[in-house]
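Any value given below was found using the heavy atoms of this structure, including those in side chains, with hydrogens, waters and symmetry copies removed.
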Amino acid sequence: MTPTDISAAQARRIALVAQGFADRRSAGAVTLRHLDRVVGRTRLVQMDSVNVAVRAHYLPLFSRLGAYDRALLDRAAWRPGRGARRLTEYWAHEAALIPVEDWPLFAFRMADYRDGRYRHTRDLMRRHRALAADVRAVIDEVGASTPRRIEDSLGIERSPRRSGGWWDRGEVKHLCEAMFAAGDVAATRDESFGRHYDLTERIVGADIATRVVERSEAIGELVVRAASAHGIATVADLADYYRLKPAEIRSAVADLVDAGAILPVRVENWRDEAYLHAEAAVPSRVRSAGEPRSAILSPFDPLVFYRPRTERVFGFHYRIEIYVPAPKRVQGYYVHPYLLGDDLVARVDLKADRARGVLQVPGAFVEDGHDPDVVAHRLAADLAALAEWLGLSAVEIGTRGSLTSHLRRIAR
């Protein structure tokens, strides 16, 4: 099959449409139906515990739908009440919320992680299988539990040197993590983002918990989902979406080409061959209510979480600087890409000062080739909307970056 030629601009628009940025925003209250539509596009929502502005899993819905009640996502994933649980957490693209019905597609990964994801955890599990069995028995008896509650039930006393923090966990916490990775237990989250472990069948349902999809079939299904979520992608892009290896998806890619589900294409300025999802739309522009679409993106939004693709598609070199010492940071601690039309035109450092009710913008930077006044006017409106959604009463502009002076003039 001779590959079709696709321009770089077309590839950007295909990617944006596939991720839901051309879908109409809700004119009224956002409902679970709208959430289903977004997840139907993205296929997963990556999670992150950092809460500088808002936790990462809440922002992709805001970027696509506008203001919504964050309790809607909590209800879909963790507190369904009398309704059906729509989402559950697993190691998809890092820790991510996935549709409950996709749980069996990760059975091969659970088998790979049967004793945990990390060497230390695997060593603990192999040495303490009896304790792991006791942990499971407690969960079976008392229901969804934190490691602290399980320790209390087992009469385990913590060392006074342990704080209980993420990097200072007791053996029970490590065993719970190993059992979660293996699919032996599943998890919900509380208001503080802490995991509560429960029997998998109680979280996803017995029929889904016991369903097993063979590795080759599961990988094929995950590649189909990644192709749909990308619209247009290289093998590396398709593999990264669910943290697969390029070598292990090549046969699935070939099968999808043979079936006509994806089509080989050549994209302008892309080094590697790409594949176009057969149902991908190729719009002439990305707009909302007649205006270019705009959105502040989470650093872990599926549109940008694979940095090589972000640079290839948008010419946007992006690295988060949380782990960079403060004096060496270039843009800031928690910088968000800013989408306007069909391009990433700026980046903005954000922090919610909840005590003062202020959305702080320590820095804002326009990308080369874009008019700072045009970008600043749209960004100012989006910052105000974000602040209102977060329950903050004001936006405070700092001094770092090429956009801050423009934003301050607009604020006056």
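- Both the sub-6.0 Å distance and the 45° axial angle are satisfied by Arg195 relative to the ring of Phe180.
- No donor-acceptor pair under 3.5 Å is formed between the side chain of Arg347 and the backbone N or O of Ala364.
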Test Tyr90 against Trp103 for ring pair (Phe, Tyr, Trp, His ring centres under 6.0 Å), laying out the working first.
CA-CA 8 Å; Tyr90 191 63; Trp103 178 270; 5.4 Å; yes

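- Summarising the local packing, CG of Asp368 is surrounded by 12 or fewer heavy atoms from other residues, nucleotides or ligands at distances under 6.0 Å.
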Report the C-alpha separation of Asp301 and Leu59 in whole Å, then their side-chain angles, then the decisive distance to 0.1 Å, and conclude whether the side chain to side chain contact (heavy atoms under 4.5 Å, CB included) test is met.
CA-CA 8 Å; Asp301 191 289; Leu59 193 53; over 6 Å; no

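- Between Phe108 and Ala218, the closest heavy-atom pair is CD2-CB, 3.9 Å.
- We find that Lys173 and Glu151 are not joined by a salt bridge, their nearest charged nitrogen and carboxylate oxygen being 4.0 Å or further apart.
- Looking at Arg85, its side chain never comes within 3.5 Å of a backbone N or O of Pro80 through a donor-acceptor pair.
- No close placement of the Phe300 and His336 rings is indicated, their centers lying 6.0 Å or farther apart.
- Ring to ring, His93 and Phe305 are close: their centroids are under 6.0 angstrom apart.
- With no hydrogens or angles considered, no side-chain donor-acceptor pair links Thr234 and Asp272 at under 3.5 Å.
- Environment of CD in Glu94: crowded, with over 12 heavy atoms of neighbouring residues, nucleotides or ligands closer than 6.0 Å.
- In this structure, Arg136 contributes its side chain and Asp184 its backbone to a donor-acceptor pair below 3.5 Å.
- Under the 4.0 Å criterion applied to side-chain N and carboxylate O atoms, Asp255 and Arg250 are not assigned as salt-bridge partners.
- Contact of the Leu35 side chain with the Leu73 side chain is registered, since non-hydrogen atoms from C-beta on lie closer than 4.5 Å.
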Evaluate the criterion side chain to side chain contact (heavy atoms under 4.5 Å, CB included) for residue pair Arg55 and Val50; output intermediate values, then yes/no.
CA-CA 6 Å; Arg55 287 197 171 99; Val50 175; over 6 Å; no

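- Put simply, the side chain of Ile14 reaches to within 4.5 Å of the side chain of Ile232, judged on heavy atoms.
- Residues Glu273 and Tyr275 bring a donor and an acceptor atom of their side chains to less than 3.5 Å of each other.
- Side-chain contact between Arg243 and Arg109: present, with at least one pair of heavy atoms (C-beta onward) separated by less than 4.5 Å.
- A 4.5 Å side-chain heavy-atom check between Tyr241 and His230 finds at least one atom pair inside the cut-off.
- Between Leu222 and Phe106, the closest side-chain pair of non-hydrogen atoms falls below 4.5 Å.
- Of all heavy-atom pairs spanning Val267 and Ala8, the tightest one is CG1-CA, 4.4 Å.
- Judged by distance alone, with hydrogens and angles left aside, the side-chain atoms of Arg211 form no donor-acceptor pair with the main-chain N or O of Pro104 at under 3.5 Å.
- Listed here is the closest heavy atom pair of Ser63 and Ala295: O-CB, 3.6 Å.
- For Arg79, the CZ atom counts as densely surrounded, since its 6.0 Å shell holds more than 12 non-hydrogen atoms of other residues, nucleotides or ligands.
- Taking every heavy atom of both residues into account, Ala15 and Arg309 meet most closely at CB-NH2, 3.6 Å.
- Within a 6.0 Å radius of CZ in Arg70, other residues, nucleotides and ligands contribute more than 12 heavy atoms.
- No donor-acceptor pair closer than 3.5 Å links the side chain of Arg329 to the backbone N or O of Tyr333.
- Checking side-chain atoms of Tyr68 against main-chain N and O of Tyr58 turns up a donor-acceptor pair under 3.5 Å.
- Residues Ala11 and Ile6 come closest through the heavy atom pair N-CG2, 3.9 Å.
- Between the side chains of Tyr338 and Asp382, at least one donor N or O sits under 3.5 Å from an acceptor N or O.
- His196 and Arg149 are not linked by any side-chain donor-acceptor pair at a separation below 3.5 angstrom, with hydrogens and angles left out of the test.
- Between Asp140 and Arg202 there is a salt bridge, since at least one side-chain N of the basic residue sits less than 4.0 Å from a carboxylate O of the acidic one.
- With hydrogens and angles ignored, the 3.5 Å screen pairs no side-chain donor or acceptor of Asp74 with any backbone N or O of Trp78.
- Salt bridge status for Arg307 with Asp240: absent, with no side-chain N to carboxylate O gap under 4.0 Å.
- Side-chain N or O atoms of Tyr318 include one that pairs as donor or acceptor with a backbone N or O of Val335 at under 3.5 Å.
- Here the closest heavy-atom approach between residue Ala229 and residue Ala18 is recorded as O-CB, 3.4 Å.
- A centroid separation of less than 6.0 Å is found between the aromatic rings of His120 and His174.
- The closest side-chain donor-acceptor pair between Tyr197 and Glu177 falls under 3.5 angstrom.
- Identified under the salt bridge (charged side-chain N to carboxylate O under 4.0 Å, His left out) test for residues 388-400, with sequence neighbours left out: Asp349-Arg400, Arg356-Glu396.
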Val223 and Ile262: CA distance, side-chain angles, deciding distance, side chain to side chain contact (heavy atoms under 4.5 Å, CB included) verdict
CA-CA 10 Å; Val223 172; Ile262 59 176; 5.6 Å; no

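- There is no side-chain donor-acceptor pair under 3.5 Å between Asp48 and His57.
- The existence of a salt bridge linking Asp23 and Arg64 is excluded, since no basic side-chain nitrogen approaches an acidic carboxylate oxygen closer than 4.0 Å.
- The closest donor-acceptor contact from the side chain of Thr121 to the backbone of Arg117 lies at 3.5 Å or more, if one exists at all.
- Residues Val185 and Cys176 are not in side-chain contact: their nearest non-hydrogen atoms beyond the backbone lie 4.5 Å or more apart.
- Taking the charged nitrogens against the carboxylate oxygens, Asp237 and Arg312 do have a contact shorter than 4.0 Å, which makes a salt bridge.
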Given Leu386 and Val395, is the side chain to side chain contact (heavy atoms under 4.5 Å, CB included) satisfied, shown in steps?
CA-CA 9 Å; Leu386 177 63; Val395 177; over 6 Å; no

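- Under the 4.5 Å side-chain criterion, counting only non-hydrogen atoms from C-beta, Leu16 is in contact with Leu339.
- Counting only heavy atoms from C-beta outward, the side chains of Val39 and Asp36 never approach each other to under 4.5 Å.
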Could you go through Arg13 and Asp343, starting from their C-alpha distance and side-chain angles, then the distance that decides it, and tell me whether this counts as salt bridge (Lys or Arg N to Asp or Glu O under 4.0 Å)?
CA-CA 9 Å; Arg13 294 194 293 270; Asp343 211 353; over 6 Å; no

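- Proximity of a side-chain donor or acceptor of Glu321 to a complementary backbone N or O of Val330 within less than 3.5 Å is detected.
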